[in-house]
Structures are given as structure tokens and as C-alpha cells.
Amino acid sequence: MAESAAPDGLIHAFLLDGSGGRRQLGWDEVQQWHPEHGCLWLHFNFEEHETVAWLENASGLNEIAVNALISEETRPRTLNRGDNLLLALRGVNLSPGCEPEDMVSLRIWSDGKRLISTRRRKLVSTEDVIEELEAGSGPCNAAQLLVSWIDRVVLRMNDTIEQLEDEVLALEERVLSGETSGMRVQIAQLRKKTIFLRRYLAPQREAMTRLANENLSWLDEMNRLRLRETNDRQTRYIEEVDEIRDRAALAQEELFTRVSEQMNERSYIFTVVATIFLPLGFFTGLMGINVGGMPGVESHAAFWVVVAICLGVTGGLALVLRFKRWL
């Protein structure tokens, strides 16, 4: 009998062996699966129509769970009904050429016996869990799989947070050194990154707190403790993101202050120059009128007398400005 084809969009179908490893299942084996066989993990790309059709018609999930698994946009949240858990998470996008703050969504449903997950874009954290299973040191059941996966999602944020800290430190040093060229755009981009990160990390913290407190019979106390520890780490990351955002705001204020000081210095110089040359311009304009009776018209020394008067006026104005401490 020919093996039935898996729906398009199935990324993998794993059966956890209970000892930290896994076995890849064919679709016929998936359809014949029973809870006593072990934990079944089905991972799908929900953009495929056959995946949506299977979730709606053959997965055995209710409408709320199916809609959550195939939703285009979702914020981190935790829902449960009895022993059924529905979880939406966000992880940093570590794919080449992508921005980390463009966070990747992950949707998970589990009843403690099987786990069904969906995604649109690849998440490196998922690959981490699979590598552990292939090495025989991965999770043994649904609870451990869920907790390990969440831990990897949060752990992968560390490099992104450190990169943002390095960026804000470099920007602070450049601002303090007096460099202003192109700084406004770079600081604005950094603040935008932190805003995007916090937009999802804050509700994700609440979702994980609720998950650790949910009354799920298959989530034991040890795994709850691991969840709380992971959530504490995520809380620290959120605090670091807030600190980076505040430091970027301070750097932006310092940049605006320095630019304002530079503009004031330039305006001050222009004002001093105008103050000195205004009477000189009036005097030379007066001496240049083309009417009869102008003194010194016939004298060869008159030009140098005018120059001497201009220099004397300039020196006198400089002394007055210096005396008033305007220079």
C-alpha cells in the first residue's frame, strides 16, 4: 500500500523517543499515531493551503486554535482550555540579510501528548532544538520540548541586545567627541530598533508569566521553574532594551544641544562681525557719496586717513566688546 502524501507545508514530523532523541515519521505513521507511542511534534509552514486544510479538517483542533495557528499577525499571548495550551511567541530574526528587530512569529498548540507548531519564516531557535534532538540530548516529552524551545527563543536574543549596546556606546562616544555628521539618522534608527523589540518583548513577558502559572497537568513544577528562570532572563533583556532606548534618547538630546551650541557660536560670530562692520559700512558709504564739498577729494593722503579712521573705529569697537565681555 502506497504511503499517503504529507500536506504541503509540513516541515517535519518528529516522534520523541523519551530519551532525548527523535524519529522522523512518515505521514502514514502520523495518521496512525497514538499518545502511548510518545510525544508527536508536527511543525508546519501555515502559508501552504494544504496545511491550512489539514488543520481545519483533520487536526482535531477547535476553530479558535486553528485560527491562532494560521493567523497572519499575532502578538505574544497564552491561552488555555483545560489541558490544551495555545501559545504565540516572537523571536529575533537572525536570517542573513534581515534585521533582528523584524521579529519572527511562532505559534504553538499542545495538549501534553502532541505539539503542533506553525511559522512563516525560519527561526534559528527551532534549529537549535532539532540539533539537540539529533544529538540525543534534547527534550523527552511535550513539556520539556515547550520549555526548551522557549528558552532557546529567549537565549537567542542575547547577541542582539549586546549588539544594540555596542551601537549605543559607539554613538555616545561619537557625540561626546563632537562628531555630528549623520548622527541624527543613526540615533533615530537605533531608537526605532528598541521600540520594535520592546513592542513584542513586553507582552511576551506577560505571556510567559501566565504560562508558568497556568493549571496544566502535564507541565510539572521543575519545568515551571525553568520557565520562570527563562522569563527572568527575558525581563533583564527588556530592562536592557529600555536602558539602550534611554541612552539613545540622551545621546540625541546631547547631539541637539551640541548642534544648537554650534549654531549659536556661528550666529554670535556673525553678529560680532556685523556689529563691527555696520558703522564702517555707514562711514565708507558716507564718504563715497558723489556730491560736491567732500573733504580730501584733492588730497593724496586722504585715502590713508580714511583707512586709519576705519582701523581706529574697528579697534575701538573691539575694545568696547572686550570690556563688556562679549568677546
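In this text, all values refer to a predicted model and were calculated from it rather than measured experimentally.
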Taking all heavy atoms of [X] and all of [Y], pick out the closest pair and write down the distance.
| X | Y | value |
| --- | --- | --- |
| R258 | G178 | NH1-CA, 4.3 Å |
| V153 | G91 | CG1-CA, 3.9 Å |
| S148 | P139 | OG-CB, 4.2 Å |
| F46 | S71 | CZ-O, 3.7 Å |

How long is the gap from [atom1] on [X] to [atom2] on [Y], to the nearest 0.5 Å?
| X | Y | atom1 | atom2 | result |
| --- | --- | --- | --- | --- |
| L69 | E56 | CG | CD | 11.0 Å |
| T51 | H43 | OG1 | NE2 | 11.0 Å |
| E214 | R224 | CD | CZ | 8.5 Å |
| F14 | L133 | CZ | CG | 7.0 Å |
| I11 | L42 | CD1 | CG | 11.0 Å |
| D166 | I244 | CG | CD1 | 9.0 Å |

**Report entry** Residue pair T230, R228: steps toward the side chain to side chain donor-acceptor pair (under 3.5 Å) verdict
**Finding:** CA-CA 5 Å; T230 300; R228 293 189 181 100; over 6 Å; no

Determine, for [X] against [Y], whether the closest basic-nitrogen to carboxylate-oxygen distance falls under 4.0 angstrom.
| X | Y | answer |
| --- | --- | --- |
| E206 | R77 | no |
| D151 | R226 | no |
| E29 | R23 | yes |

**Report entry** Sequence-distant partners of R152, salt bridge (Lys or Arg N to Asp or Glu O under 4.0 Å), two or more places apart
**Finding:** E132

Query - Stepwise side chain to side chain contact (heavy atoms under 4.5 Å, CB included) check, I150 with L227 - result: CA-CA 8 Å; I150 294 174; L227 278 174; 3.8 Å; yes

Do any N or O atoms from the side chain of [X] and from the backbone of [Y] form a donor-acceptor pair under 3.5 angstrom?
| X | Y | answer |
| --- | --- | --- |
| T78 | A207 | yes |
| D83 | S217 | yes |
| S260 | F256 | no |
| N84 | N80 | no |
| Q204 | R90 | yes |

Query raised in the report: H34 vs H37 aromatic rings, parallel, tilted or perpendicular, using cut-offs 30° and 60°?
Result: perpendicular

If you count the non-hydrogen atoms of other residues, nucleotides and ligands that lie under 6.0 Å from [atom1] in [X], is the total more than 12?
| X | atom1 | answer |
| --- | --- | --- |
| R184 | CZ | no |
| N215 | CG | no |
| L225 | CG | yes |
| R210 | CZ | yes |
| E63 | CD | no |

Requested in this report: Group every Ile, Leu, Val, Met, Phe, Trp and Tyr by side-chain heavy-atom contacts under 4.5 Å, then state whether V104 and L155 land in the same group.
Outcome: no

Query raised in the report: Hey, mind stepping through H49 and W54 against ring pair (Phe, Tyr, Trp, His ring centres under 6.0 Å) and telling me if it holds?
Result: CA-CA 9 Å; H49 296 297; W54 183 84; over 10 Å; no

Query raised in the report: If you measure only the distance, is there a donor-acceptor pair under 3.5 Å linking the side chains of R107 and S105?
Result: yes

Query raised in the report: Looking just at side-chain N and O atoms, do W149 and S125 make a donor-acceptor pair shorter than 3.5 Å?
Result: no

Requested in this report: Test side chain to side chain contact (heavy atoms under 4.5 Å, CB included) on H12 and R22 and set out the steps.
Outcome: CA-CA 11 Å; H12 65 243; R22 57 83 179 170; over 6 Å; no

Report task. Let me see the working for L115 and L40 under side chain to side chain contact (heavy atoms under 4.5 Å, CB included), right down to the final yes or no. Result -> CA-CA 6 Å; L115 188 146; L40 176 65; over 6 Å; no

Query - CA sep, side-chain torsions, deciding dist, call: S117, W109, side chain to side chain donor-acceptor pair (under 3.5 Å) - result: CA-CA 6 Å; S117 54; W109 176 93; over 6 Å; no

Query - Pairs where residues 35-49 contributes a residue and the test salt bridge (charged side-chain N to carboxylate O under 4.0 Å, His left out) is met, not counting sequence neighbours - result: E47-R120

**Report entry** Partners passing side chain to side chain contact (heavy atoms under 4.5 Å, CB included) against D17 (at least two apart in sequence or in another chain)
**Finding:** S19

**Report entry** Chi angles and distances behind the side chain to side chain contact (heavy atoms under 4.5 Å, CB included) call for D242, R198
**Finding:** CA-CA 8 Å; D242 289 339; R198 203 185 192 288; 2.5 Å; yes

